[in-house]
Amino acid sequence: RPRCLRNVSPACPGRTLIAAAGTLRCRVSTEAMKSAMGGLMLLPALFSSPGAAAGVTPIAKVTQLLTDMYNKGVAEKEEEAKKYSAFQQWCGDTDKSKAAEIQAAADKIEMHDAEIQKAEAQIRDHTSRINELN
């Protein structure tokens with residue numbers, strides 16, 4: 001006749017060891033089975049959300065959020081690239097126009113320097129002529 005040994009093995013906690021004809025078998029007790037099944041019944045409730053009934057799982061929601069974030073990032077990058085391109089064009093145009101204005105101003109400075117030198121020479125000539133006449 002098999003002999004039942006309760007909770008004697010750390011390999012079978014909450015189970016009954018049955019020793020019969022030189023073999024040991026582990027049998028789960030009814031109470032342990034009920035408590036384990038109760039815990040398993042709660043798992044779907046823990047991992048589900050109100051949207052899960054409508055077919056939206058948390059993983060699908062996270063995937064959708066990441067996809068939306070990626071698409072938003074790509075759109076912002078393209079918008080920033082357009083703004084940068086326009087800014088770069090404006091900088092190039094402004095640089096060219098300012099360089100032309102600087103060159104024109106430098107040419108005017110040279111022209112005015114020449115006029116000043118000519119006027120100084122005329123002043124010297126007229127001063128010497130006045131001194132001769134006096």
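Along the sequence shown, residues carry numbers from 1. From a predicted model like this one, the values you see are computed outputs, not experimental measurements.
Looking at residues two or more places apart in sequence or on another chain, you find a salt bridge (charged side-chain N to carboxylate O under 4.0 Å, His left out) between Arg129 and Glu132. Applying the side-chain contact (heavy atoms from CB on, under 4.5 Å) criterion to Thr67, with sequence neighbours excluded, gives Thr63, Asn71. Qualifying side-chain contact (heavy atoms from CB on, under 4.5 Å) partners for Ser85, counting only residues two or more places apart in sequence or in other chains: none.
Within the 4.5 Å cutoff, no side-chain heavy atoms of Leu65 are placed close to those of Met69.
Note that the CG atom of Asp125 and the CD1 atom of Ile130 stand 11.0 Å from one another [nearest 0.5 Å]. Here Thr127 contributes atom OG1 and Gln122 contributes atom CD; the two are 11.0 Å apart, rounded to the nearest 0.5 Å. Remark: Tyr84 OH to Lys77 NZ distance equals 14.0 Å, nearest 0.5 Å.
Screening residues 81-92 for salt bridge (charged side-chain N to carboxylate O under 4.0 Å, His left out) gives Glu79-Lys83 as the qualifying pairs, with residues at least two apart or on separate chains.
Judged by distance alone, the side chain of Thr94 and the main-chain N or O of Cys91 form no donor-acceptor pair under 3.5 Å.
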Tabulate below the donor-acceptor pairs under 3.5 Å that side-chain atoms of residues 107-114 make, not counting sequence neighbours, or state none.
residue	atom	partner	partner atom	Å
Asp107	OD1	Gln103	NE2	3.1

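Applying the 4.5 Å side-chain rule to ILVMFWY residues, one finds Tyr70 in the same cluster as Val74.
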